[in-house]
There are 2 protein chains.
Amino acid sequence: MAENLTTVVSSETKEVLISRDRPCVIIGERINPTGRKKLATALQAGNFDIVRQDAVAQVEAGANILDVNVGVPGADEPALLVQAIHAVRQVTDVPLCIDTADPQALEAGLKVYDGKALINSVNGEEARLKSVLPLVKEYGAAVIGLCMDDEGIPTTAEGRLAVARKIIERAGKLGISPEDVVIDPLALTLGADHRAGRIALDAIEMIVAEFGVNITMGASNISFGMPDRQAINAAFIAMAIHAGLTCPIVNPLHEEVATAILAADLAMGRDEWGARWIKAYRQRLRD
Amino acid sequence: MAENLTTVVSSETKEVLISRDRPCVIIGERINPTGRKKLATALQAGNFDIVRQDAVAQVEAGANILDVNVGVPGADEPALLVQAIHAVRQVTDVPLCIDTADPQALEAGLKVYDGKALINSVNGEEARLKSVLPLVKEYGAAVIGLCMDDEGIPTTAEGRLAVARKIIERAGKLGISPEDVVIDPLALTLGADHRAGRIALDAIEMIVAEFGVNITMGASNISFGMPDRQAINAAFIAMAIHAGLTCPIVNPLHEEVATAILAADLAMGRDEWGARWIKAYRQRLRD
């Protein structure tokens, strides 16, 4: 078993430590125009009101880091990403996760970001490794590595582990240490393959055992097309936390999932006196 | 890693297989007068209406095995247990878990039980090992072994593993094979020790790795004294299933916990096409 590593990300004023010895770190996923037409339209018009609202609401609901994605068709993404980062910074001081597929937008974002950012994401594709990892190194950031490569997403846990290994090794060759690589094993849809959850859970355990790195993952794809999705997502995320997930990327406004994360921390012995659980319960009663 | 074992329990007409390759087996815990004054009073009066109602309701809610406990003060427990077994048998044919601390009641129950019963329980105490294990062997039953001994309940996962080892070894000396020993690691109250959940989860993983035996556990003690208990129980049981729990002892009428068990099976890849999940969802809609 590899030693558990600690990933540090920060804003100008706030440091967030991610490790299996601490409660989960929640990466708020809401600032993303995918499937959100209103936000997409606002971003295309250069309006950041929704971005600011989403930032505030997610932090109030428990997000420790905010993902910022402004990928909309026809926009100048580097400029838009810089503006979005400034907009979020006007209303909250939590560290950010800069989420873009465009290396120029990524560099533009990193240039204006004050602190140690988390980058979303690199993967095992040669082109991505070559474009993203040098920026991770140059800007002293941390990076999320998705378990997919030029062959696609491996259909086995062993295959995902192999991609994680490739990313961690390639990062290492550039002097990026494993604590600055956060792996996302990728949770696919149970409706398409009933073993999708198991493959992700097994991949987490294998990656943690071999490298001790921190693990991020979304929990909503898994239930796509199933009834009572929130209940599936809640159970799955609690199980993933038991497997080794440390910084889920979720919408903290989804109460069932946010509650499951707190309950999982409690069950993992990471919530002394149940103080965080009781505090969150009281806040839900007030809301 | 030990090979995963399969435990078989049966009634005259039904066989239930417990293993980590199959969906969880639910042991319905409801027929138990502890903390249920109405049931206790009815049992003392020799009235088994509630017992029959509880049996039917639990099986309809998904119980695969029914625990039968009639321990009330001042009663002739052997006679009462035999009557309760007959009462349950009038309304359902699922296998039973004969639950008593009284060796005479246990033997009386085993004598009238048709099939291979599960016995609840032995533990690591010398007196219990000596009184219960010979009955397990004589009647060809399976037995639940609680991780406590003459020193009490160990406060570490390693301590619980040691008691499990003792029970499995002592059973082996009488010719009872490990597949007929189901271990309960005991989940204590988080409110008294915030590591209680973690100790139980770690104990499950260790016991499964060393022996491959099946694991039972209740999930309600853990949240005693905390707000929003059902959410804690649901997350904890999903995590325990990921750790290796195969036959939780729960009240299947508690919807959040029953749903979490189904969701955990789905996430573990034990519910092909999500057929059980979808069926249970439709049933909830109808109810």
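Below, each value reflects all heavy atoms present in this structure, side chains not excepted, and no hydrogens, waters or symmetry copies. First the proteins, then the strands, lettered A, B, ... as listed; each starts at 1.
Considering all non-hydrogen atoms of both residues, A:A267 and B:M239 come closest at CB-SD, 3.8 Å. The nearest pair of heavy atoms linking A:A235 to B:A264 is CB-N, 4.4 Å. For the pair B:M226 and A:W273, the tightest heavy-atom approach, listed with the atom from each and the gap, is CE-O, 4.2 Å. Here the closest non-hydrogen pair linking B:P227 and A:W277 is O-NE1, 2.9 Å.
Atoms CZ and CG, from A:R198 and B:D265 in turn, are 10.5 Å apart once rounded to the nearest 0.5 Å.
Contact count against chain A (heavy-atom pairs under 4.5 Å) is highest for B:G197 among B:A196, B:S223, B:G197. Ranked by non-hydrogen atom pairs under 4.5 Å with chain A, the options B:G274, B:A260, B:A238 are led by B:A238. When A:A243, A:A240, A:A187 are compared by the number of non-hydrogen pairs under 4.5 Å with chain B, A:A243 comes out ahead.
Annotation: side-chain hydrogen bond (donor to acceptor under 3.5 Å, both in side chains) contacts involving residues 18-31 of chain A, sequence neighbours excluded, comprise A:N4-A:R20. Among pairs with a residue in residues 155-165 of chain A, those fulfilling salt bridge (charged side-chain N to carboxylate O under 4.0 Å, His left out) read A:R165-A:E210, at least two apart in sequence or across chains.
Heavy atoms closer than 4.5 Å to chain A are found in both the backbone and the side chain of B:A231. Interface remark: B:D228 contributes backbone and side-chain atoms alike to the contact with chain A (heavy atom separation under 4.5 Å). Using a 4.5 Å cut-off between heavy atoms, B:L266 touches chain A through backbone and side chain atoms alike. Using a 4.5 Å cut-off between heavy atoms, B:A200 makes no contact with chain A at all. Neither the backbone nor the side chain of B:R282 comes within contact range of chain A, judged by heavy atoms closer than 4.5 Å. A:L190 touches chain B through its side chain: at least one heavy atom from C-beta onward sits under 4.5 Å away, while N, CA, C and O do not. Proximity to chain A is limited to the side chain of B:E205, based on heavy atoms less than 4.5 angstrom apart. Heavy atoms of A:A234 lying under 4.5 Å from chain B are absent altogether.
More than 12 heavy atoms of other residues, nucleotides or ligands lie within 6.0 Å of CZ in B:R276, so this atom counts as buried by the packing criterion.
No side-chain heavy atom of B:H194 sits under 4.5 Å from any side-chain heavy atom of A:D271.
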